[in-house]
Amino acid sequence: LGVSRHTVTTAYGHLAAEGFLDGRRRGGTVVSDLVALREPYTWSGPVLDLPPAGFTEEILFDLRPGTPDPRLFPITEWKRHARWAVDHHEAGYGDPAGITDLRLVLARWIAKSRGVDASFRQLMVTSGAQQAFFLLIAARTLPGDTVAVEDPGYHRFRNVVEAHGARVAPVPVDEDGIVVEAIPPEAKVVYVTPSHQFPTGVTMSMSRRLALLKLARDQDTLIIEDDYDSEFRYVDRPLEPLYRLDRSGRVAYVASFSKTLSPALRLGYVVVPPELLSDILDLREQVDWAPSQVDQLTLKGYLAVGEFERYLRKTRRIYQQRHSLVTDFLRVEATRHSLQPVASNAGLHVATHLNAGAETVLCRALADRGVAVEGLSTYFAGPTATGGLLFGFGQTNADQLQEALEIVGDVLNRV
Ligand SMILES: Cc1ncc(COP(=O)(O)O)c(C=O)c1O
């Protein structure tokens, strides 16, 4: 080749170091057996980017519940605080409970907005409500333990319970919230959404709240209070949270910014009962240590200057208008069809009852017209699923909502 001996030995050295050649003592150098490299591993199972089940049709109007309007996100203010946070966050892992300044601001916020009087030392910043559920269940249950949940209820909470090997005990919900007498005595944990039951939208009555707290005290049960949707209440003031009424330290108060700002932020928090605090901190270190300090600092800046409060006032007015459009529509339709709206004055969706057969037919017919809705029956865990439709209004503005409801009216007339 006309190259020097040094070049050749260097090339051999590289090839041997990368595993392409095997050097044998006195046996020269041979090409390695590269069968493993010739046959790369290929995955023949399903890929992860499948379209969401049930909606293969084009969606013109998305009335599925659960997401706030991304067009309302306070992008300018958030960017301003994010820029500041990038410059000012501290290097290092930080506190697994979250940045102290943010926890102080959050403690002030829940005291002001919900009357929840908790020390910042009990408050942990989490990656959404979901992580708070995970930590609480991991800290409080062993495989085989019973966890009572509202039925219908939040499926993602049930998934956490099952993943830990605990048993889900579905408990019926009526117009006063969870039926406390039906909670099994062996339940170690009860999960509830008292401000706005998910998905029916009923508010837990004061007498039920007191009965649930009594049960927790008598049976040493942990109550997980998911204060879901308390920020979007349109008519009256929300009732006092269980946490505030509790006198025995048995309530874990969970809140999230997923409905108020965006689920994409993955920011929430939990007020942990003192006896669980050290276990939860240990678990937190194992899971992910803490959320991004830049995101935490951004949120702190946004909350501290009162912008979040102003934003809530503005968005509450917008959602209230959409809520009225849906409830007025349903009131008229209910007189003509078997559709029975659940009385609700909060949140980003309205639930209605129907018979189970009608639910499937209507979901299908609406999907054919480009309107995506969710059926109530899909949220039941127990054997007594009843039918219904959930009309979400987080993702459509008032004009789009009006158009979508006209299609719903038309479909209801034809089916
Ligand atoms: C009942 C309920 N709780 C909490 C959440 C918020 O969960 P996360 O904070 O994990 O986004 C949701 C979101 O859909 C919900 O439906």
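Computed from a prediction, not measured in an experiment: that's the story for all the values here. Atoms within a ligand are numbered from 1 in the order they appear, just like the ligands themselves.
By the 6.0 Å contact criterion, CZ on Arg369 is enclosed, its count of non-hydrogen atoms from other residues, nucleotides or ligands being greater than 12.
Among the atoms of Phe133, none of the N or O lies under 3.5 angstrom from an N or O of ligand 1. Ligand 1 has no nitrogen or oxygen under 3.5 angstrom from a nitrogen or oxygen of Tyr228. At under 3.5 Å, not a single nitrogen or oxygen of Thr193, backbone or side chain, sits near a nitrogen or oxygen of ligand 1.
Comparing Asp226, Leu348, Thr126 against atom 1 (C) of ligand 1, the shortest heavy-atom distance belongs to Asp226. Taking each of Arg156, Arg266, His349 in turn, the one with a heavy atom nearest to atom 10 (O) of ligand 1 proves to be Arg266.
Within the listing of ligand 1, atoms 1 (C), 16 (O) sit less than 4.0 angstrom from a heavy atom of Phe198. Applying the 4.0 Å criterion to heavy atoms of Gln130 picks out, from ligand 1, the atoms 10 (O). Short contacts between ligand 1 and Tyr191, defined as distances under 4.0 Å to a heavy atom of the residue, involve ligand atoms 1 (C). Less than 4.0 angstrom separates some heavy atom of Gly128 from each of these atoms of ligand 1: 9 (O), 10 (O).
A 4.5 Å side-chain heavy-atom check between Pro74 and Tyr302 finds at least one atom pair inside the cut-off.
Using 4.0 Å as the threshold, Tyr269 has no heavy atom nearer than that to any atom of ligand 1. For Lys259, the heavy-atom gap to ligand 1 drops under 4.0 angstrom.
For the residue pair Ser230 / Asp227, a side-chain donor-acceptor distance below 3.5 Å is found, with atom types taken as modelled. Residues Gln122 and Ser119 have side chains that never bring a donor and an acceptor to within less than 3.5 angstrom of each other. Side-chain polar atoms of Ser195 and Arg114 form a donor-acceptor pair below 3.5 angstrom. Under 3.5 Å, the side chains of Thr203 and Arg233 contain a donor-acceptor pair of N or O atoms. Tyr379 and Glu374 share a side-chain donor-acceptor pair at under 3.5 Å.
In this structure, the protein non-hydrogen atom closest to atom 16 (O) of ligand 1 is Tyr154 CE1, 3.2 Å. Ser258 OG, 2.6 Å is the protein heavy atom nearest to atom 11 (O) of ligand 1.
A distance-only check finds a donor-acceptor pair linking the side chain of Ser32 to the backbone of Leu21 [under 3.5 Å].
Electrostatic pairing of Arg244 and Asp117 does not count as a salt bridge here, judged by no charged N lying under 4.0 Å from a carboxylate O.
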